[in-house]
Amino acid sequence: MDEAVKLLGVSVVFSGIGGALALERRCLGQMALVQPLLVCFLAGWVIGQPEVGLWLGTCLQLFSLLPRRGLDWSTAGLCAAATLYLSSLLGFKVEVGSPAAVVVLLVSSISILTTSVIDRWVSFYHARLLTRAAPLSKDDARVEVARFVNTSLYRLWTFGSLALFLYIAVALFAAALFSRIPLQNSWTVEVAAVGAPLLAMAVALGSMARRRLLAWALVGATLGLGAMLL
Amino acid sequence: MSRLRTMDMVNMGLRLAVLQGTYCEGAMQSTGFAYALSAGIDRILDDEDARREALRGFSEPFNTHPFLAGVLAGACLKLLEQGCSRAEIGSFLRTAMGAVAAVGDPFFLSALPAAMSAVAVAVALWAGPVPALLVLILGFNFIHMVIRVRALSMGYRHGLEALPRLMRWLSPARSRGLTIVAAVALGLVPAGAMIRFSTTFLHFDWTAVLVVAVALVLSAAFSKARHFYLHISTALLAVVYFAEVLP
């Protein structure tokens, strides 16, 4: 019971911080502080497994290069990082390439598809609030506009926190379920460990959608293989 | 002589940061834009009625790239200072916001994040996470903060002449250069991933070449069907799951 309360408390705190960080990504600063590579590596480092943090961060950072249109990959990074941290509190390990790590990656990636829906809701609520309040037509327009800005930011934070709480719950449940699988074949772990970053790299390069860039990527790949040879 | 002081510029710059937070259907960024401008309007106009009237002029739908909204805010204040009418400023904004977005979107939404993310990932795999995080945060923020800060002062100083200058800063050639950097860095990822996350692929042989070739073929395939990766990653999970569960 105590463990469950502690877990819930940590999830709520994570969601609150996540909501604030989502606000940073959306408008306050937008200084790229909530990049998946950063938050996942930090989570991995805190729990003493920097490699898995780096693996998740690398994949999500590359997925984040997909054309945006309301997709918020910082949420995916926060979701993966929080799941990684909470998994260590629950006592199960998420290792590079293990089924648990792949499912965290997958759930985090899918979770961002809903962020565009949330963006649309927020935009809709803001529009309704703006119609009702009409701050610019009031006599004291400056004060009313400032009030509207505060309400908008509060609403963004609330929506961001609630969404992140939901994503963390789903990812943690899936990770706990998949972590029970005893690893029998090391080759599957190897394939997933190298396959997921490769897939993410292919997605990032494919999203640029220019044939000439493939030639430049080939230059990079040749350099990489040459460095491996050396 | 300019009537805006440095602190007014700082105040407006901070207020412009919440521009995207007030985005909504219909009015889009107009309320946030008016909020940012109100700090400068108070300094430029002395009469309270004139201030209120000027602020109401920004109630029309407004949408541009948030990082470059400063150049328009600065130019609007310059026009207000020169005594331009509400209609003239509205007409300028309607024309300029699309042009600014057309310059800002390819640079700030595609080229810069792609280059910084790809370089950071390549550095993380080849040289470790700490230098990678420095590249990611310092590289992105240095470029975008310099442009954000200078855009506001440039808009106020040069007024209508600020837009051609902005176009020169963020030219398509620079965006193209950044995407080439991103592509080369992405090419380094497969070998880096093999070194960092695998023990089997560590020795250079034809398997490594095959892995890189598969990654490049997948890239070409994804350029046609961008969300196909969700099916492939689910299939990867299924393979890992069944291979581990089945005896």
Side-chain angles (χ1 to χ4, degrees), chain A residues 26-29 31-32 35 37-38 41 54-55 58 61-62 65 68 96 99 102-103 106 123-124 126-127 130 136 141-142 145 148-149 152-153 156 181 183-185 188 190 192-195 197-199 201-209 213-214 216-221 224-225 228-229, chain B residues 17-18 20-27 31 34-35 38 52 55-56 59 109 114 117 120-121 124 129 133 136-137 140-141 179-180 183-194 197-198 200-201 204 208 212 215-216 218-220 222-223 226 229 232-234 236-237 240-241 243-245:
Chain A
R26 169 90 184 234
C27 56
L28 296 176
M31 293 174 77
Q35 296 296 309
L37 186 64
L38 175 71
F41 171 70
L54 184 64
W55 184 79
T58 299
Q61 188 71 41
L62 292 176
L65 298 185
R68 306 217 161 191
V96 176
V102 178
V103 82
L106 193 62
S123 172
F124 168 75
H126 283 180
L130 190 64
L136 283 168
R142 270 172 301 166
V145 166
F148 174 77
V149 169
S152 303
L153 294 182
L156 268 175
I181 301 169
L183 296 178
Q184 302 177 64
N185 302 308
T188 56
E190 286 272 322
V194 176
L198 275 185
L199 186 67
M201 169 262 174
V203 168
L205 195 56
S207 73
M208 293 181 185
L213 289 178
L214 273 176
W216 284 107
L218 189 62
V219 171
L225 287 174
M228 262 182 99
L229 183 64
Chain B
V18 300
Q20 199 62 10
T22 59
Y23 185 90
C24 63
E25 284 175 10
T31 317
Y35 175 65
S38 65
R52 200 176 301 134
L55 210 53
R56 276 184 194 149
S59 59
L109 289 184
S117 296
V121 165
L133 299 181
L136 188 64
I137 292 174
F140 179 78
N141 284 325
T179 48
I180 288 172
V184 174
L186 286 173
L188 288 164
V189 168
M194 281 185 268
F197 300 121
S198 165
T200 317
F201 297 106
F204 183 85
V212 172
L216 291 177
L218 268 180
S219 309
F222 286 138
S223 67
R226 288 179 182 172
Y229 80 95
I232 294 191
S233 49
T234 315
L236 182 71
L237 176 67
V240 173
Y241 177 76
E244 295 297 338
V245 167

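Each chain gets a letter, A, B and so on, in the order the sequences are listed, and its residues count up from 1. In this text, all values refer to a predicted model and were calculated from it rather than measured experimentally.
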Looking only at heavy atoms and a cut-off of under 4.5 Å, which of [options] has the most pairs with chain A?
options: B/A185, B/G192, B/A114; value: B/A114
options: B/A220, B/A120, B/S117; value: B/S117
options: B/A215, B/A34, B/S59, B/P129; value: B/P129

Output, in order, the C-alpha distance, side-chain angles, deciding distance and verdict of side chain to side chain contact (heavy atoms under 4.5 Å, CB included) for A/L205 and B/L218. CA-CA 9 Å; A/L205 195 56; B/L218 268 180; over 6 Å; no
Which pair of heavy atoms, one from [X] and one from [Y], lies closest together, and at what distance?
X: A/V194; Y: B/M194; answer: CG1-CG, 3.9 Å
X: A/L213; Y: B/T179; answer: CD2-O, 3.7 Å
X: A/G220; Y: B/L188; answer: O-CD2, 3.4 Å
X: A/A193; Y: B/F197; answer: CB-O, 3.7 Å
X: A/L214; Y: B/S219; answer: CD2-CB, 3.8 Å

Check each atom of B/L133 against the heavy atoms of chain A and say whether the ones under 4.5 Å are side chain, backbone, both or neither. side chain
Quick one: what part of B/V189 sits under 4.5 Å from any heavy atom of chain A, side chain, backbone, both or neither? side chain
Passes side chain to side chain contact (heavy atoms under 4.5 Å, CB included), A/L130 versus B/T22? Steps please. CA-CA 10 Å; A/L130 190 64; B/T22 59; over 6 Å; no
At a heavy-atom separation under 4.5 Å, does [X] approach chain B through its side chain, its backbone, both, or neither?
X: A/L199; answer: both
X: A/L38; answer: both
X: A/I181; answer: side chain

Tell me, with the steps shown, if B/L136 and A/Q61 meet side chain to side chain contact (heavy atoms under 4.5 Å, CB included). CA-CA 11 Å; B/L136 188 64; A/Q61 188 71 41; 4.1 Å; yes
Based on non-hydrogen pairs under 4.5 Å, which of A/S123, A/S152, A/G224 is most in contact with chain B? A/S123
Quick check for you: among A/V149, A/V96, A/L156, A/V219, which has the greatest number of heavy-atom pairs under 4.5 Å with chain B? A/V149
Qualifying residues under side chain to side chain contact (heavy atoms under 4.5 Å, CB included), relative to A/A127, sequence neighbours excluded: B/C24, B/E25
Test of understanding: with side chain to side chain contact (heavy atoms under 4.5 Å, CB included), list the residues that count as partners of A/A221, not counting sequence neighbours. B/V212
